[in-house]
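Every chain is numbered from 1 and lettered A, B, ... according to where its sequence line falls, protein lines coming before strand lines.
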2 protein chains.
Amino acid sequence: MAETQQDGESQLENQQIKDAGLKVTAPRVKILGILESCGKRHMSAEDVYKELLSQDEEIGLATVYRVLTQFEGAGLVCRRHFEGGQSVFELNSGEHHDHLVCLKCGRIVEFVDPTIEKRQAKIAAENHFKIEDHSLVVYGICSDCQAKG
Amino acid sequence: MAETQQDGESQLENQQIKDAGLKVTAPRVKILGILESCGKRHMSAEDVYKELLSQDEEIGLATVYRVLTQFEGAGLVCRRHFEGGQSVFELNSGEHHDHLVCLKCGRIVEFVDPTIEKRQAKIAAENHFKIEDHSLVVYGICSDCQAKG
DNA sequence: GTAAAACTGAAAATCTTTCGCATCTTGATC
DNA sequence: GATCAAGATGCGAAAGATTTTCAGTTTTAC
Ligand SMILES: [Mn+2]
Ligand SMILES: [Mn+2]
Ligand SMILES: [Zn+2]
Ligand SMILES: [Zn+2]
């Protein structure tokens, strides 16, 4: 049917979803599209849901959570647990990075520090842990917020 | 009255609570006592609550959360947000440290790495953030769990 | 096309944490 | 020690985030 037809941009998402081993469905295509082109790199499920609402999409919040969790399992997105309630999701850029978060405005800066990564590996090894993952978040006040008082 | 009498060990807790600017009440003394002598350095509110139940103490879960939050505000304990729902609390040893957590058995190893601390400060400074705090958790499999398969 | 398998939205259920409030304690004062 | 106001407690209810359930729908393989 005509409704099944997708606009050009969706072809990319369709393929990514297929490659991830998931079936191509409207909610998945839509949500991936939002993550890719919404401007905000770090979004909560609620953020995604609101964006869907603003686009008059009939997708429930439960579905948003379900799809984001599936995307996480498939390696398409990463889930982050910063301070303060909700998890935030971001497209998996392929390369690991850590975060600097402003406690006032929520601004996020991403960074990678090879020295820190190496030290972590060393610490894990010294304690006979097989390292699987890590989470480093530095909290502070960004320059804008410092200026504002 | 006789019920008010406290055993010797409690004197220490009483003083710590007073020093923190809090009134000395049975739940506070009991909870601080558990944190100090329960053996587990990192406990969830639920863990503390269960320990209280096992000691036939009539203290509600809401009170446990309230007291732990007060202790946190007073600097007596630190709250940690590891993966997996519940926050865990530990006595404030005075000196900051980070954690290595086993994903299989939950075992926790504490560590401090001056190199990492310095790099974090540098990264914050480079991005014009006034650093306030940070959270570093390394997840892995401990040697025991590796051996078990 | 068809049917099995996978997916969906809405509502209900969980899980952790916090609130509202009537009742009880603590600690300072007489 | 008795008094009393400020502060704490316990309980159940509520909140907020996320997951599960379930009956109807869609996708994909043949
Ligand atoms: Mn990021
Ligand atoms: Mn610790
Ligand atoms: Zn800011
Ligand atoms: Zn282990």
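Going from atom CG of L22(A) over to atom C1' of dA6(C) covers 11 Å, rounded to whole Å. When the C1' atom of dT28(D) is taken as reference, atom NZ of K23(A) falls 5 Å away, rounded to whole Å. Atom NZ of K50(B) and atom P of dT16(C) are 9 Å apart (whole Å). Atom OH in Y49(B) sits about 13 Å away from atom P in dT16(C), given to the nearest Å. One interatomic measurement links the two molecules: NE2 of H81(B) to C1' of dT16(C), which rounds to 12 Å at whole-angstrom precision.
Separation of atoms CD (Q70(B)) and CD1 (I31(B)) is listed at 9.0 Å; rounding is to 0.5 Å.
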| remark: The contact string for nucleotides 9-18 of chain D, one letter per nucleotide 5' to 3', using protein heavy atoms under 4.0 Å with B, S and - for base, sugar-phosphate only and none, comes out as BBBB----SB
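No side-chain N or O of K104(A) forms a donor-acceptor pair with one of Q146(A) less than 3.5 Å apart.
With hydrogens and angles disregarded, no donor-acceptor distance shorter than 3.5 Å links the side chain of D19(A) to the backbone of Q16(A). Panel note: side chain N92(B), backbone G94(B); a donor-acceptor pair is recorded below 3.5 Å.
A salt bridge is absent between E117(B) and R119(B): the closest approach of a Lys/Arg side-chain nitrogen to an acidic carboxylate oxygen does not fall below 4.0 angstrom.
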List the atom pairs, with distances to 0.1 Å, where a side-chain N or O of residues 71-84 of chain A and a protein N or O form a donor-acceptor pair under 3.5 Å, not counting sequence neighbours.
{"from": "E72(A)", "atom 1": "OE1", "to": "R79(A)", "atom 2": "NE", "distance (Å)": "3.0"}
{"from": "E72(A)", "atom 1": "OE1", "to": "R79(A)", "atom 2": "NH2", "distance (Å)": "3.1"}
{"from": "R79(A)", "atom 1": "NH2", "to": "T69(A)", "atom 2": "OG1", "distance (Å)": "3.0"}
{"from": "R80(A)", "atom 1": "NE", "to": "E90(A)", "atom 2": "OE2", "distance (Å)": "2.6"}
{"from": "R80(A)", "atom 1": "NH2", "to": "E90(A)", "atom 2": "OE2", "distance (Å)": "2.9"}
{"from": "H81(A)", "atom 1": "ND1", "to": "S87(A)", "atom 2": "OG", "distance (Å)": "3.4"}
{"from": "H81(A)", "atom 1": "NE2", "to": "E83(B)", "atom 2": "OE1", "distance (Å)": "3.3"}
{"from": "E83(A)", "atom 1": "OE1", "to": "H81(B)", "atom 2": "NE2", "distance (Å)": "3.3"}

